[in-house]
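I have placed the structure first, in the form of structure tokens, so that the comments after it can refer back to it.
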Protein chains: 2
Amino acid sequence: MPKLEEIVQQLEETGYRNTASRREVIAAVLSQRGHFAIDDICQQVRWAGRATVFRTMKLLQDTSVVCRVLLENGNLHYRLSSIGHHHHLVCVECGGVQDMEDCVVAEMLTRLANQTSYAIEGHWLEFYGRCGDCRVAKPELQAV
Amino acid sequence: MPKLEEIVQQLEETGYRNTASRREVIAAVLSQRGHFAIDDICQQVRWAGRATVFRTMKLLQDTSVVCRVLLENGNLHYRLSSIGHHHHLVCVECGGVQDMEDCVVAEMLTRLANQTSYAIEGHWLEFYGRCGDCRVAKPELQAV
DNA sequence: GTGTTTATTGAGACGAAGTATCAGTTAGTT
DNA sequence: AACTAACTGATACTTCGTCTCAATAAACAC
């Protein structure tokens, strides 16, 4: 779990300034559980304006502090990111997000390379379901 | 390649009316190559209003005439759909869209079921690259 | 054909998500 | 303390999509 000061310091080292608004947005992001919308952050901050929230979120994306999560309905949300991953298992019950093993993706890419004439350069990969905890909590909703 | 009249007839059989606006929107959709935005359709039609275009597109989705394609930047586009597929290989050069083998997806789901405690209920799966034709046309842009 | 019913239409207001502009502010440097 | 470039926030704007509502027109019965 990254800390506010660590992130701010990392940004400073990259040449970005340490401002009150930025710290406020980052703190709001760090307080989130699972995935969240930018609007959740906008509502949580007091001083920082909407434009600054959007700008800071883009900054955090570029520096891999957060990454985008695609929801089932096509909406884009965000989450604190682990390094190098952007394939998710999203719990539709609690909003929790789990990383997917990279090796599963790698194998898929190999297979596509063999079966098609495409040179694959990028992908979106998101799975939706109910996590172990939620399945235990409400077993009656078990998927068929 | 489905024909306008076939689609209209299929809609009629399902209880939907055969109207001029609907036919115009469907004709515009059928004239598309690769993936397209709803806005492309709005600009192509003459009489049909924006709301009608959106309503008809939803109708075409529900009846599996078109399906959504997620672009790399998170935008949603549409394409004429094959039956049962909604996993795509999208060419970033020409906008062409190719279906992905369902078996690849099935194996992935099996693997996820074994490796995690999630009950998978849905997914998004889109790959981006350059198709064979475009690679031949511009080999200097070959992916690394 | 005429009439009736109901789905459908289009204009336009609305909302969410995100970008662009720009004058004013402030962090970091000297 | 002064300077300067980075940053801010208010606001206007765009895009994508939904909602409302009075007007229209299919489809069907007669």
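The chains referred to below are lettered A, B, ... by the order of the sequence lines, with proteins before strands, and numbering in each begins at 1.
In this structure, the side chain to side chain donor-acceptor pair (under 3.5 Å) partners of B/Gln9, at least two apart in sequence or on a different chain, are B/Glu13. For B/Asp133, the side chain to side chain contact (heavy atoms under 4.5 Å, CB included) partners are B/Cys131, not counting sequence neighbours. Listed by chain and residue number, nothing satisfies the side chain to side chain contact (heavy atoms under 4.5 Å, CB included) test with B/Ala106 (two or more places apart in sequence, or in another chain). With sequence neighbours excluded, the residues satisfying side chain to side chain donor-acceptor pair (under 3.5 Å) with A/Ser31 are A/Gln44. For the side chain to side chain donor-acceptor pair (under 3.5 Å) test, residues two or more places apart in sequence or in another chain that qualify with A/Asn18 are A/Arg23. By the side chain to side chain contact (heavy atoms under 4.5 Å, CB included) test, A/Ile38 is found to be paired with A/Cys42, A/Val53, A/Phe54, A/Met57, A/Tyr78, residues two or more places apart in sequence or in another chain being considered. Take A/Arg55 and apply the side chain to side chain contact (heavy atoms under 4.5 Å, CB included) test, not counting sequence neighbours, and it matches A/Ala51, A/Thr52.
B/Lys58 has a side-chain polar atom (N or O) that falls below the 4.0 Å cut-off from OP1 or OP2 of D/dT18.
The distance between atom CG of B/Asn73 and atom P of D/dC16, rounded to the nearest whole Å, is 10 Å. In this structure, B/Leu76 places its CG atom 17 Å from P of D/dT15, rounding to the nearest Å. Distance A/Leu11 CG to C/dA27 P: 16 Å, rounded to the nearest Å. If you take CZ of A/Phe54 and P of D/dA10, they are 15 Å apart, rounded to a whole angstrom. Between the CD atom of B/Gln61 and the C1' atom of D/dC16 there is a distance of 13 Å, rounded to whole Å. Summarising the geometry, the separation between CZ on A/Arg68 and C1' on C/dG18 is reported as 12 Å, rounded to the nearest angstrom. As a whole-Å value, the separation of A/Leu70 CG from C/dA17 P is 14 Å. If you measure from atom CG of B/Asn75 to atom P of D/dC16, you get 7 Å, rounded to the nearest angstrom.
Listed in residue order, the members of residues 35-50 of chain B having a heavy atom less than 4.0 Å from DNA chain D are B/Ile38, B/Asp39, B/Arg50. Non-hydrogen atoms lying under 4.0 Å from DNA chain C are contributed by B/Ser21, B/Arg22, all within residues 21-28 of chain B.
Taking the six-membered ring where the residue is Trp, B/His123 and A/Phe127 present tilted rings, their angle falling between 30° and 60°.
Applying the ring pair (Phe, Tyr, Trp, His ring centres under 6.0 Å) test to every pair with at least one member in residues 18-41 of chain B, sequence neighbours left out, gives these pairs: B/His35-B/His77. Sequence neighbours left out, the pairs with a member in residues 106-119 of chain A that pass side-chain hydrogen bond (donor to acceptor under 3.5 Å, both in side chains) are A/Glu107-B/Arg111, A/Arg111-B/Glu107.
Annotation: of the two residues near DNA chain D, B/Arg55 and B/His77, the 5′-most nearest-nucleotide partner is B/His77.
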Contact string for nucleotides 25-30 of chain D, one letter per nucleotide 5' to 3', B = base within protein heavy-atom range under 4.0 Å, S = sugar-phosphate only, - = neither, reads BBS---

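Note on B/Asp99 versus B/Arg79: salt bridge recorded, some NZ/NE/NH1/NH2 to OD/OE distance being below 4.0 Å.
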